Amino acid sequence: MVRRWLGVRPVKGLTVGMSPERWHDLTEWPLLAAAFVYLGAYSWQVLGPEPPASLHTVLQGVWVIFLIHYVVSLVLAPDRRRWFLRNVHELLIVALPMFRPLRLLRLLTTLNVLHRVAGRALCGRLLIYAVGASVLLIYVSALAMYDIEHQHPEAMITTFGDAIWWAIVSITTVGYGDLYPVTFTGRVITVALMIYGIALLGIVTATLASWLIQQVSEEEARTRAATAADVADLRAEIIGLRQLLTQPPAAARQNAPPSS
């Protein structure tokens, strides 16, 4: 049914019509916009004094969008079993209400978009990964952690400020231990944030090392080019002197440079 709606039909074991890559390209920006809408509504619901009832409708609408995207992506996948196993987190986000805050991770597609815009420039990559991703994940994780933890009877994270401090400590993998989650979902978010912190350090280190190697290679290339030019000039002068030495005396005097 979904394949027919998308204009996809099997032909001798192949699929004609919408491809997974085309579906991803078509839904990337709408999903990004939906994630930002969800972030605003969810922030208002968690931090606002009296959130209106319409916020629940907005959150449910975003959930429907994510559900449709998940179902269509599964249907279009060439190997559905492999795609399902590699995207279990998508199913958890859609199916289990307890993982609702993880829908905010859709905002990470912003980093992919900005990375393509920045290209291969070092400053662009460092700005995107080190600043953009960190600030986004700190806020999203703190918001989700505060929503999950602050009403628990044994909660240690009871204010949004505590949640921000916990997120900063976790993403830097410092782990003071003064604040930690007591719920299962909170611990899952903590593990994911710490893993990201380790990956971020590796990305920044690798990018810096690559830049240093590139600078050294460019300097060596400039040095080799300058040396080759000097050798060429010296060879031309030697050839000119050899020609002067092999000429008859009269011609040599005629071709010699005038004396001062």
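Note that the structure is predicted; figures quoted are calculated from it, not measured.
H152 and V182 make their closest contact through ND1-CG2, 3.6 Å (heavy atoms, listed as atom of the first residue, atom of the second, distance). Shown here for L76 and S19, the closest heavy-atom pair between the two residues is CD1-O, 4.2 Å. Nearest heavy atom pair, residue R80 against residue L74, reads CG-O, 3.3 Å. Heavy-atom minimum distance, A155 versus E149: CB-O, 2.8 Å. Between I164 and A142 the shortest heavy-atom distance is CD1-CB, 3.6 Å. Nearest heavy atoms, P181 versus T190: CG-OG1, 3.2 Å.
A distance-only check finds no donor-acceptor pair linking the side chain of S141 to the backbone of I138 [under 3.5 Å].
Note: Q151 CD to T183 OG1 = 12.0 Å, rounded to the nearest 0.5 Å. Note that the CG atom of L179 and the OG1 atom of T158 stand 8.5 Å from one another [nearest 0.5 Å]. The CG atom of D162 sits 12.0 Å away from atom NE2 of H150, with the distance rounded to the nearest 0.5 Å. Taking CD1 of I239 as the start and CD of E237 as the end, the distance is 11.0 Å to the nearest 0.5 Å. With rounding to the nearest 0.5 angstrom, the CZ atom of F84 is 12.5 Å from the CG atom of D79. One distance of note links NE2 of H56 with CD of Q60; it measures 4.0 Å at 0.5 Å rounding.
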Side chain to side chain donor-acceptor pair (under 3.5 Å) between W83 and S73, worked out
CA-CA 9 Å; W83 186 92; S73 299; 5.5 Å; no
Evaluation steps, side chain to side chain contact (heavy atoms under 4.5 Å, CB included), between V62 and Y42:
CA-CA 11 Å; V62 175; Y42 185 59; over 6 Å; no
Go through it in stages, so that I can follow the logic: the residues are V72 and T27, the test is side chain to side chain contact (heavy atoms under 4.5 Å, CB included), and I'd like the CA-CA distance, side-chain angles, deciding distance and then a yes or no.
CA-CA 11 Å; V72 175; T27 57; over 6 Å; no
Would you check, one step at a time, whether the test side chain to side chain contact (heavy atoms under 4.5 Å, CB included) holds for H69 with F66?
CA-CA 5 Å; H69 178 265; F66 288 162; 5.6 Å; no
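Note on I198: it does not cluster hydrophobically with I195, by side-chain heavy-atom contacts below 4.5 Å among ILVMFWY residues. Taking hydrophobic clusters as Ile, Leu, Val, Met, Phe, Trp and Tyr residues chained together by side-chain heavy-atom distances below 4.5 Å, Y176 does not share a cluster with M194. V191 and L137 end up in different hydrophobic clusters when Ile, Leu, Val, Met, Phe, Trp and Tyr side chains are linked at under 4.5 Å. V64 and L55 fall into different hydrophobic clusters, where Ile, Leu, Val, Met, Phe, Trp and Tyr residues are linked whenever their side-chain heavy atoms come under 4.5 Å apart, directly or through other members. In the hydrophobic clustering of this structure, V46 groups with I157; members are Ile, Leu, Val, Met, Phe, Trp, Tyr whose side-chain heavy atoms approach within less than 4.5 Å, directly or through other members.
No close placement of the W166 and F160 rings is indicated, their centers lying 6.0 Å or farther apart.
A 6.0 Å sphere centred on CZ of R222 holds more than 12 heavy atoms belonging to other residues, nucleotides or ligands. Within 6.0 Å of OH on Y139 lie more than 12 heavy atoms contributed by other residues, nucleotides or ligands.
For the residue pair N87 / Y70, no side-chain donor-acceptor distance below 3.5 Å is found, with atom types taken as modelled.
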